[in-house]
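Here's the structure we're looking at; comments come further down.
Below, each value reflects all heavy atoms present in this structure, side chains not excepted, and no hydrogens, waters or symmetry copies. Position 1 is the first residue of the sequence, and the numbers go up from there.
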Amino acid sequence: VQASDEDIIFKPLASGPPKLMVLIPGGKVPNVNYTNTALAIQKATEMSLWIVVPAVFERLCIIQCSGKGACLVLHQAVEGAIAKAVKAGFPLVDKSRDVFIGGHSLGGTCGNYLMQGYPGVYAGLVIMGSYVDSKGPGSLVNYTAPVILIGAELDGGLAKPVNMALWWMQFEEVLVSKGRDTAIRNKSVVILPSIDHSDFCPGYAVPGDLPSELDSATALNTYIGPTVAAFLHLHSGMPTSVQQKAIAKLTNAIAQTRTLMTPIVRAFDLEVDGGIGIIEGGASSPWCITAQHRIGGLSATDDANLFIKNKYTNSSTGEGGFEHTRVGYKVSGSQLLLNTSGHNAYERDVEDTATTNAAKEIGCKLVSSGRIEQQLNISTGVTCGDVNKYAVEKMKDLLQSQVPKTLQRYETKGRGFCWKPDFSPPGDIGPLFIAETLELKENATCLSVASLTISTTISSKIFPGVHYCKLLSPAKVMDWIYTVSIVITYNAFVVQHEDARDNLKQLSLVIRDNS
């Protein structure tokens, strides 16, 4: 524990049912920086709410709790903090009803591990700027304890909106399968507008975070405090009238979140059909189908004669992998039937430490425009790079219709896209196409994009009439537009991500460095 840190106890400001929340601080954040956060939550409640912000070793709770099966030391620290609150006057009766775990950023990850490692011990979990497991028993869908995930629209780290979309889609799944009341009470996912990751710990500027658009008092007292209080009210035996207000508060916040998240979800839907790309495969790649139409370069009338099937593969190599798929065509009267394939590359790991849930690239094996020209007796021609430009145009159109403020923010503050020519692997060798990647390079002014491609003539002796592309994912475009392009300085962005990668390797951190 840092010499200057000690457990901080906030006694209640109001009367009502006595409850306690242990708020685990984020990585490297002094726990004193949660003072105003704790007070804002207390002011918003209609109960006798105690809050304890414990000190953690080296201000990195992950050292004390690196997984659900390795959380004994943090559990002891939390129990010690609870004991101090009891000694100060908190009337503890039953921890499973009276004590909630909260956490910000890395503290949210540790809180998640603690809840899973000690099931049934605590009443519920409040996570700010973080998330639960992406899949399995600890996913939002399967979480056994009541939980709320509270994100920030301008989070510059791993809990940015494009990543939180995964848990938002799980919330929507619960909404359908379990009903509105259960979903809102026990599985809410809320993205608070106009605030950043640092608004949860005022006075501590998280490196690489986006600038908040609200003053700290507004962020805390209008959004953060009331949202946490609403969740607590639903699990504290409060009167029906108070719970109804809490449901209304969360319902409104969820409606705002849906508006923000809908364009992102639609972008992810273009990566795979019938699945969530980074978690599970789908039946096809809708974006490869779109790309085939664009590569054809046909008029609307001629394009109506194209019928495209796509097969998505989960693996790039091996039996049944993308490497071994083939394109094909068949003429049926005036119609041209095309068979294509697709495979997406993701930053996959077991600890949910990918910097983005969007695909790094969308690989498509398509029929060449030359083959389409031959079969339909027309003139065409579009590059993979043209498809990438179309992805940006399409996502901007979607944002303009759904959340124009997000697009305006990007166009005012964000870095744009720079387009480089398509490039081919040496010798147009197929396995090298599989092994090499879409070129994405960030610099001080833009995200530079160049597609890897193989395009053969219809007279080629090897795979004639094909057009292979490694394409920019529409979800990656959303990731760039929503947050990644908008940083205070490019250097701060680079330092933050380099430091984060180093810390992840050393400590298996799940959220980010210094947050």
Side-chain angles (χ1 to χ4, degrees), residues 105 108-109 112 127-135 138-141 143 147-176 183 187-193 195-197 210 253-282 285-287 344 346-349 352-360 362 391 394-396 398-399 401-403 405-407 409-410 472-486 510-512:
S105 194
T109 298
N112 171 41
I127 291 185
M128 296 173 281
S130 187
Y131 35 72
V132 294
D133 297 357
S134 60
K135 57 186 177 181
S139 68
L140 186 69
V141 171
Y143 221 77
V147 60
I148 184 170
L149 308 185
I150 305 173
E153 180 183 7
L154 300 177
D155 193 311
L158 299 189
K160 56 190 172 182
V162 166
N163 283 357
M164 294 298 292
L166 191 154
W167 289 274
W168 170 256
M169 287 186 273
Q170 291 187 12
F171 166 76
E172 293 275 41
E173 181 181 338
V174 175
L175 195 65
V176 172
K187 313 278 187 179
S188 281
V189 176
V190 173
I191 308 298
L192 300 179
I195 75 168
D196 66 3
H197 195 83
L210 276 64
I254 287 166
Q256 292 179 330
T257 301
R258 181 173 288 108
T259 298
L260 181 72
M261 300 301 273
T262 294
I264 298 174
V265 172
R266 290 185 179 178
F268 274 110
D269 286 343
L270 292 172
E271 289 191 347
V272 293
D273 179 47
I276 300 174
I278 197 169
I279 302 298
E280 58 185 347
S285 170
W287 194 246
N344 302 339
Y346 293 92
E347 295 181 25
R348 296 182 185 273
D349 55 50
D352 292 327
T353 58
T355 58
T356 179
N357 287 335
K360 294 190 295 183
I362 295 179
K394 186 175 180 64
M395 294 305 98
K396 283 185 175 181
L398 182 56
L399 289 170
S401 66
Q402 298 286 324
V403 280
K405 181 181 176 181
T406 298
L407 181 60
R409 181 189 296 122
Y410 164 71
L472 179 64
S473 163
K476 186 73 172 180
V477 174
M478 287 298 195
D479 193 24
W480 182 254
I481 289 176
Y482 266 73
T483 55
V484 178
S485 71
I486 308 168
V510 177
I511 295 301
R512 61 145 99 211

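- The shortest side-chain heavy-atom distance between V477 and K396 does not fall under the 4.5 Å cut-off.
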Begin with the C-alpha distance, continue with both residues' side-chain angles, and end with the deciding distance and a verdict on side-chain contact (heavy atoms from CB on, under 4.5 Å) for Q170 and Y131. CA-CA 12 Å; Q170 291 187 12; Y131 35 72; over 6 Å; no
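- Looking at every heavy atom in both residues, L158 comes nearest to T355 through CD2-CA, 3.5 Å.
- Put simply, CD1 on I264 and CG on L398 are 10.0 Å apart, with the number rounded to the nearest 0.5 Å.
- For V403 against L260, the heavy-atom pair with the smallest separation is CG1-CA, 4.0 Å.
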Criterion side-chain contact (heavy atoms from CB on, under 4.5 Å) on M478 and R266, from CA distance to verdict: CA-CA 10 Å; M478 287 298 195; R266 290 185 179 178; over 6 Å; no
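- Side-chain contact between V162 and F268 is present, with at least one heavy-atom pair separated by less than 4.5 Å.
- Put simply, the side chain of F171 reaches to within 4.5 Å of the side chain of I254, judged on heavy atoms.
- P161 approaches M261 most closely through the heavy-atom pair O-CE, 3.2 Å.
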Are E153 and R409 close enough, and set up right, to give a salt bridge (charged side-chain N to carboxylate O under 4.0 Å, His left out), and what steps lead you there? CA-CA 12 Å; E153 180 183 7; R409 181 189 296 122; 3.2 Å; yes
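- Of all the heavy atoms in D196 and L210, the pair that sits closest is OD2-O, 2.7 Å.
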Under 3.5 Å, which donor-acceptor pairs do the side chains of residues 269-277 form with other protein atoms, sequence neighbours left out?
{"unit_1": "E271", "atom_1": "OE1", "unit_2": "Y346", "atom_2": "OH", "d": "2.7"}
{"unit_1": "E271", "atom_1": "OE2", "unit_2": "A359", "atom_2": "N", "d": "2.9"}
{"unit_1": "E271", "atom_1": "OE2", "unit_2": "S473", "atom_2": "OG", "d": "2.5"}

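- With hydrogens and angles ignored, the 3.5 Å screen pairs no side-chain donor or acceptor of S188 with any backbone N or O of I148.
- Residue pairs meeting the salt bridge (Lys or Arg N to Asp or Glu O under 4.0 Å) criterion with at least one partner in residues 475-486, sequence neighbours excluded, are K160-D479.
- With values rounded to the nearest 0.5 angstrom, I195 atom CD1 is found 10.0 Å from M128 atom CE.
- Side chain of K187 to backbone of E173: no donor-acceptor contact under 3.5 angstrom is found.
- The minimum heavy-atom distance linking M164 with A159 is given by the pair CG-O, 3.2 Å.
- From T262, atom OG1 reaches atom CG of L399 across 11.0 Å, with rounding to the nearest 0.5 Å.
- Once rounded to the nearest 0.5 Å, the distance linking OG of S130 with CD1 of I150 reads 11.5 Å.
- Distance CH2/W168 to CG/L149: 11.5 Å, rounded to 0.5 Å.
- Using a 4.5 Å heavy-atom cutoff, the side chains of N357 and W167 are in contact.
- Atom CD of Q256 and atom CG of L192 lie 8.5 Å apart (nearest 0.5 Å).
- Counting heavy atoms from C-beta on, the side chains of D155 and T483 never come closer than 4.5 Å.
- Summarising the geometry of I486 relative to I481, their closest heavy-atom pair is CD1-O, 3.8 Å, with the distance given to 0.1 Å.
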